[in-house]
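What follows is one structure encoded as structure tokens, with my remarks underneath.
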Amino acid sequence: MFRTIGPNPFRTGASVVLTDLDSQLALIRNNIEHNDPNHTADMTAQRLCWGDQSDLAALSSRKFDIIICCETMYDISLQFIAFTFLCLL
């Protein structure tokens with residue numbers, strides 16, 4: 001279940017893209033469906049591996065005002081995260 005502090009972007013008209021690796025997308029889509037069964041919010045789930053050119057190309061039609069991250073540091077270079085942010089903002 002989504003929990004937010006302050007205004008809930010899912011209910012304020014924001015367009016929200018939730019990203020993760022392939023292994024987590026089914027769970028994210030299930031959470032979207034569970035939390036918004038009437039599809040009133042503009043939420044989608046999409047694959048994004050930090051620094052991956054094909055993933056970034058799939059998101060390239062959008063520019064993001066805000067990027068919120070959680071659990072971003074595994075076995076990845078900060079260079080890939082920084083590159084991803086520069087491409088998306």
Side-chain angles (χ1 to χ4, degrees):
M1 180 171 281
F2 299 117
R3 303 238 186 254
T4 61
I5 298 171
N8 186 335
F10 309 117
R11 291 189 174 39
T12 60
S15 177
V16 178
V17 179
L18 304 170
T19 64
D20 210 322
L21 300 176
D22 286 328
S23 61
Q24 300 304 311
L25 289 179
L27 177 62
I28 292 171
R29 290 182 178 123
N30 185 51
N31 284 337
I32 290 170
E33 182 66 29
H34 176 77
N35 286 281
D36 187 28
N38 297 322
H39 305 285
T40 57
D42 181 10
M43 281 190 284
T44 59
Q46 194 162 337
R47 174 181 155 62
L48 177 61
C49 180
W50 299 116
D52 185 281
Q53 293 286 348
S54 61
D55 291 349
L56 290 167
L59 290 166
S60 67
S61 65
R62 308 179 69 142
K63 285 294 179 187
F64 296 89
D65 296 319
I66 300 171
I67 297 175
I68 301 171
C69 301
C70 179
E71 300 176 8
T72 58
M73 306 305 285
Y74 292 100
D75 295 326
I76 191 152
S77 165
L78 287 175
Q79 176 184 359
F80 290 127
I81 294 174
F83 175 76
T84 300
F85 283 12
L86 289 172
C87 290
L88 296 176
L89 291 174

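When reading the values below, keep in mind they use all heavy atoms of this one structure, side chains included, and skip hydrogens, waters and symmetry mates.
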- [ ] Sequence neighbours left out, what passes side chain to side chain donor-acceptor pair (under 3.5 Å) with Arg47? Give chain and number order.
- [x]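 Applying side chain to side chain donor-acceptor pair (under 3.5 Å) to Arg47 gives Asp55.
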Quick check for you: to the nearest 0.5 Å, what is the distance between [X] atom [atom1] and [Y] atom [atom2]?
X     : Y     : atom1 : atom2 : result
Gln53 : Ser60 : CD    : OG    : 10.5 Å
Asp52 : Ser54 : CG    : OG    : 3.5 Å
Ile32 : Leu18 : CD1   : CG    : 4.5 Å
Asn31 : Met43 : CG    : CE    : 9.5 Å
Gln46 : Asp22 : CD    : CG    : 11.0 Å

If hydrophobic clusters are built from ILVMFWY residues whose side chains come within less than 4.5 Å, do [X] and [Y] share one?
X     : Y     : result
Leu56 : Ile67 : yes
Ile81 : Leu86 : no
Phe85 : Leu88 : yes

Open item on the list: With heavy-atom distances below 4.5 Å as the criterion, would you say the side chains of Asp42 and Val16 are in contact?
Closed with: no
TODO: Would you check if Trp50 and Gln79 make a side-chain contact, meaning some heavy-atom pair closer than 4.5 Å?
DONE: no
- [ ] Of all the heavy-atom pairs spanning Gly51 and Thr84, show the shortest one and how long it is.
- [x] N-OG1, 2.6 Å
TODO: Give the minimum heavy-atom separation between Ala45 and Arg29, together with the two atoms involved.
DONE: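 Closest heavy-atom pair between Ala45 and Arg29: O-NH2, 3.0 Å.
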Open item on the list: For Val17, is there any backbone N or O sitting under 3.5 Å from a side-chain donor or acceptor partner on Thr44?
Closed with: no
